[in-house]
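Here is the structure we will look at.
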Protein chains: 2
Amino acid sequence: MKPYLLQMLKELALLGAIENRIEASSMQLAERINASQQTASRYLLELDKNGFINREMGIKKQLIHITEKGSDSLHEEYLSYRHIFSLPRFIHFKGKIVSGMKEGTYYTSQQGYVTQFKKKLGFIPYPGTLNLEIDLVEKNKLRFLKQEEGIQISAFETENRSFGGVKCFNACINKHNISLIFPLRGHYSNILEFIAPNFLRDRLDLTDGDLVEVVVTIEKQMSCGASDEK
Amino acid sequence: MKPYLLQMLKELALLGAIENRIEASSMQLAERINASQQTASRYLLELDKNGFINREMGIKKQLIHITEKGSDSLHEEYLSYRHIFSLPRFIHFKGKIVSGMKEGTYYTSQQGYVTQFKKKLGFIPYPGTLNLEIDLVEKNKLRFLKQEEGIQISAFETENRSFGGVKCFNACINKHNISLIFPLRGHYSNILEFIAPNFLRDRLDLTDGDLVEVVVTIEKQMSCGASDEK
DNA sequence: ATTACTAAGTTACGAGTAA
DNA sequence: TTTACTCGTAACTTAGTAA
């Protein structure tokens, strides 16, 4: 099916032409696809000829209804898009190791977080975070993580202050299990923070500026093969 | 964005170019969109020029990666399709009243169904079903109902035989609340069966061949305004 | 093997306009 | 008002190639 016909069919569907016979003039449809009335008219003729729509022509208006064949075509397209935006389970990030603002140690040592990490991630994190600065072109991969629930770590309060909720994703670096950690509130930057059961900078001999690859999964379990226990 | 460029971008996304840099030749992509190598090459140039993709050109292969802008365009399209296929809550069917094979009375009188109808639909159905023959062009609307859970009526067994599960949808005919009923197993025909608390053929003065309109909802509650109780 | 240019062929577009 | 025809031209496609 020609892409421009599919586009027109999509517009009709958005106007409700799958569920109901809709009244739509060629002029009105032309505006929606940024084309002339003549072009819209031609598209409708072509869609009709190929059995994607039915039309009831009146003297001043036409009633349009998408056929089962047309609906099937749209649904197929829908499935493609759904595949694109909901299937990926492993996401690769390349980036370089950077130093954070040293706040990681304070946060990751809070008992309120630690008990949840142990229970939900299966390990007590080494204090501090490993920060990975990802390439800007890879930032769009974060979309997949934004829309995912992840492993939820609840907010809690201490005598002094309150700590916000975060969400985690299991991940893998050089065959070591780690967890990507995001605040539930706040924006996503191009610096990803990870926690791990060990001090990875020593274990993996990492220093600032080293280029590494991390595989993040949206699955709740993940093992990269190597064990993290001694 | 031109529809044919979006199509190419979609193909790249399906090959994983949102998450990863992918290796794809113009020849290979040309096959996927049923066009020549030259056309595919031109599309890639255009996508690149407009900032939808990044390319790393090698001597024998190119690495392609979809940018955030490209990913955004695809996501917008995805949302349109999702809107089309998951938003409708009220579905209108036009059709004509027909006589069933009189089996409706037997089934709708089964105690195993009746108790569930009363609990889940809020009424005890008048024995028998009202059958509506819908136009073939309206059959594609059934897709929305197929994918919906509806109000589930469980299977059960009597001493003699077993009765399969069915699902119901609240519906409305001439301001009277009724329910559309589907077997959970089995195919969907162009004859819809409805149950109602009253004998609708009398109430609404319906006879075979009468043209009526029914509004079905996928919501669990529905009231059409008029009361069904005296 | 690639990508992508040029040139020629083909299709699509829209102004004008009839019905 | 509509829809949709004709037809000149603009846009897109592809065969043939170069790099």
Side-chain angles (χ1 to χ4, degrees), chain A residues 1-17 20-67 70 73-74 77 137, chain B residues 1-17 20-67 70 73-74 77 137:
Chain A
M1 186 171 189
K2 292 173 188 167
Y4 61 82
L5 287 184
L6 195 70
Q7 186 204 19
M8 176 63 114
L9 198 60
K10 187 195 75 182
E11 291 300 330
L12 292 168
L14 286 169
L15 292 168
N20 302 297
R21 238 168 261 274
I22 60 158
E23 220 178 288
S25 75
S26 53
M27 191 59 213
Q28 176 191 347
L29 292 167
E31 275 170 31
R32 292 182 69 103
I33 58 167
N34 273 305
S36 66
Q37 173 272 319
Q38 290 90 333
T39 295
S41 175
R42 205 158 21 80
Y43 284 1
L44 290 174
L45 282 168
E46 212 166 331
L47 285 170
D48 198 353
K49 201 181 67 190
N50 295 120
F52 295 111
I53 61 171
N54 276 166
R55 294 201 294 171
E56 260 175 44
M57 304 302 294
I59 186 74
K60 287 201 69 164
K61 59 191 172 186
Q62 58 184 337
L63 291 173
I64 302 174
H65 185 241
I66 295 175
T67 62
S73 300
L74 287 168
E77 193 72 1
V137 305
Chain B
M1 185 171 188
K2 292 172 188 168
Y4 60 84
L5 286 184
L6 195 70
Q7 187 203 18
M8 177 63 113
L9 199 60
K10 187 196 74 184
E11 291 301 329
L12 291 168
L14 286 169
L15 292 169
N20 303 297
R21 239 168 261 277
I22 60 156
E23 220 178 286
S25 75
S26 53
M27 190 58 210
Q28 177 192 346
L29 291 167
E31 275 170 30
R32 292 183 68 105
I33 59 166
N34 273 306
S36 66
Q37 172 271 321
Q38 290 89 335
T39 295
S41 175
R42 201 160 24 80
Y43 284 2
L44 291 175
L45 281 168
E46 212 166 330
L47 285 170
D48 198 352
K49 200 180 67 191
N50 295 119
F52 295 113
I53 61 172
N54 278 165
R55 293 201 294 171
E56 262 175 43
M57 304 302 293
I59 186 72
K60 287 202 69 166
K61 58 191 174 190
Q62 58 184 334
L63 291 174
I64 303 175
H65 185 241
I66 295 176
T67 62
S73 300
L74 287 167
E77 194 72 1
V137 306

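Chain letters run A, B, ... following the sequence lines, proteins first, then strands; residues in each count from 1.
- With contacts defined as side-chain heavy-atom distances shorter than 4.5 Å, the pair Tyr43(B)/Leu5(B) qualifies.
- Between Gln62(A) and the phosphate of dT2(D), there is no side-chain N or O to OP1/OP2 separation shorter than 4.0 Å.
- Of all nucleotides listed (dC12(D), dA12(C), dC5(D)), dC5(D) comes nearest to the side chain of Leu45(A).
- As a whole-Å value, the separation of Lys2(A) NZ from dC13(C) P is 9 Å.
- With rounding to whole Å, Arg55(A) atom CZ is found 14 Å from dT2(D) atom P.
- Within the 4.0 Å cut-off from OP1 or OP2 of dT3(C), not a single side-chain nitrogen or oxygen of Ser41(B) is found.
- Here the P atom of nucleotide dA4(D) and the OH atom of Tyr43(A) are 16 Å apart, to the nearest Å.
- Remark: P of dA12(C) and CG of Leu5(A) are 9 Å apart, rounded to the nearest angstrom.
- The distance between atom CG of Leu44(A) and atom C1' of dA12(C), rounded to the nearest whole Å, is 16 Å.
- A side chain to side chain contact (heavy atoms under 4.5 Å, CB included) with Ile64(B) holds for exactly one of Leu29(B), Asn54(B), Leu47(B); it is Leu29(B).
- Computed from coordinates, the Glu23(B) CD to dT3(C) C1' distance equals 15 Å when rounded to whole Å.
- When the P atom of dA4(C) is taken as reference, atom CG of Asp48(B) falls 9 Å away, rounded to whole Å.
- Which of dT3(D), dT3(C), dC12(D) sits closest to the side chain of Met57(B) comes down to dT3(C).
- dT2(D) atom C1' lies 16 Å from atom CD of Glu56(A), rounded to whole Å.
- Annotation: side chain of Met1(A) is not in contact with side chain of Asn50(A) (no heavy-atom distance under 4.5 Å).
- Interatomic distance, NZ of Lys10(B) versus CG of Leu74(B), reported as 9.5 Å (0.5 Å rounding).
- For Glu56(B), the side-chain hydrogen bond (donor to acceptor under 3.5 Å, both in side chains) partners two or more places apart in sequence, or in a different chain, are Arg21(B).
- Atom CD of Gln28(A) and atom CD of Gln37(A) lie 12.5 Å apart (nearest 0.5 Å).
- Residues from residues 26-38 of chain A lying near DNA chain D, meaning a heavy-atom separation below 4.0 Å, are Ser26(A), Gln37(A), Gln38(A) in numerical order.
- Considering only the side chain of Ser25(B), dT2(C) comes nearest among dA4(C), dT2(C), dT13(D).
- In this structure, of dG14(C), dC12(D), dT3(D), it is dG14(C) that holds the atom nearest to the side chain of Arg42(A).
- One distance of note links CD of Glu77(B) with CD of Gln7(B); it measures 11.5 Å at 0.5 Å rounding.
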